[in-house]
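First listed ligand is number 1; within each ligand, the first listed atom is number 1. Just so we're clear, the structure is a prediction, and the values are computed from it rather than from any experiment.
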Amino acid sequence: MAEPIEETVSAPAADPQHVDTLSDGTKVKIRLVRQRACNEKDDKGKICAGHLKRWYFFGEEVRRKYGPEAEIYRCEHCKTLYLPNPQETPRSGTLAW
Ligand SMILES: [Zn+2]
């Protein structure tokens, strides 16, 4: 008997934003410039579109990798983590002290 051929699931295209995966499986991505909504796709290829919110409650692993003051955003829907885009320099006056 032949094994079923993988026909629907081809290797997912490498996501250039995807930079890391935590030990619990959480994806870590770099935000696109001015990205406000999650662009993760589910198994059906539907865009998540959850809001990316600044997140302060990351655990030890994130702290170790990105520092205790890391600027981390998290999709409120699928919990994917996003790092700020390095090209997107914070405007002076906003979120600065
Ligand atoms: Zn999401």
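Each protein N/O/S atom under 2.8 Å from the Zn ion (ligand 1) was counted, for a total of 4.
Evaluation of the side-chain contact (heavy atoms from CB on, under 4.5 Å) rule for E76 yields H51, K53 as partners, not counting sequence neighbours. Among residues two or more places apart in sequence or in another chain, the side-chain contact (heavy atoms from CB on, under 4.5 Å) test is passed with K65 by D20, L22, E61. Not counting sequence neighbours, the partners of R31 by the side-chain contact (heavy atoms from CB on, under 4.5 Å) test are Q35, L52, Y73, Y82, E88.
Atom CD of Q87 is surrounded by 12 or fewer heavy atoms from other residues, nucleotides or ligands within 6.0 Å.
Distance alone, capped at 3.5 Å, places no donor-acceptor pair between the Q17 side chain and the K29 backbone.
For the 3.5 Å distance criterion, the side chains of H18 and T21 qualify, holding a donor opposite an acceptor.
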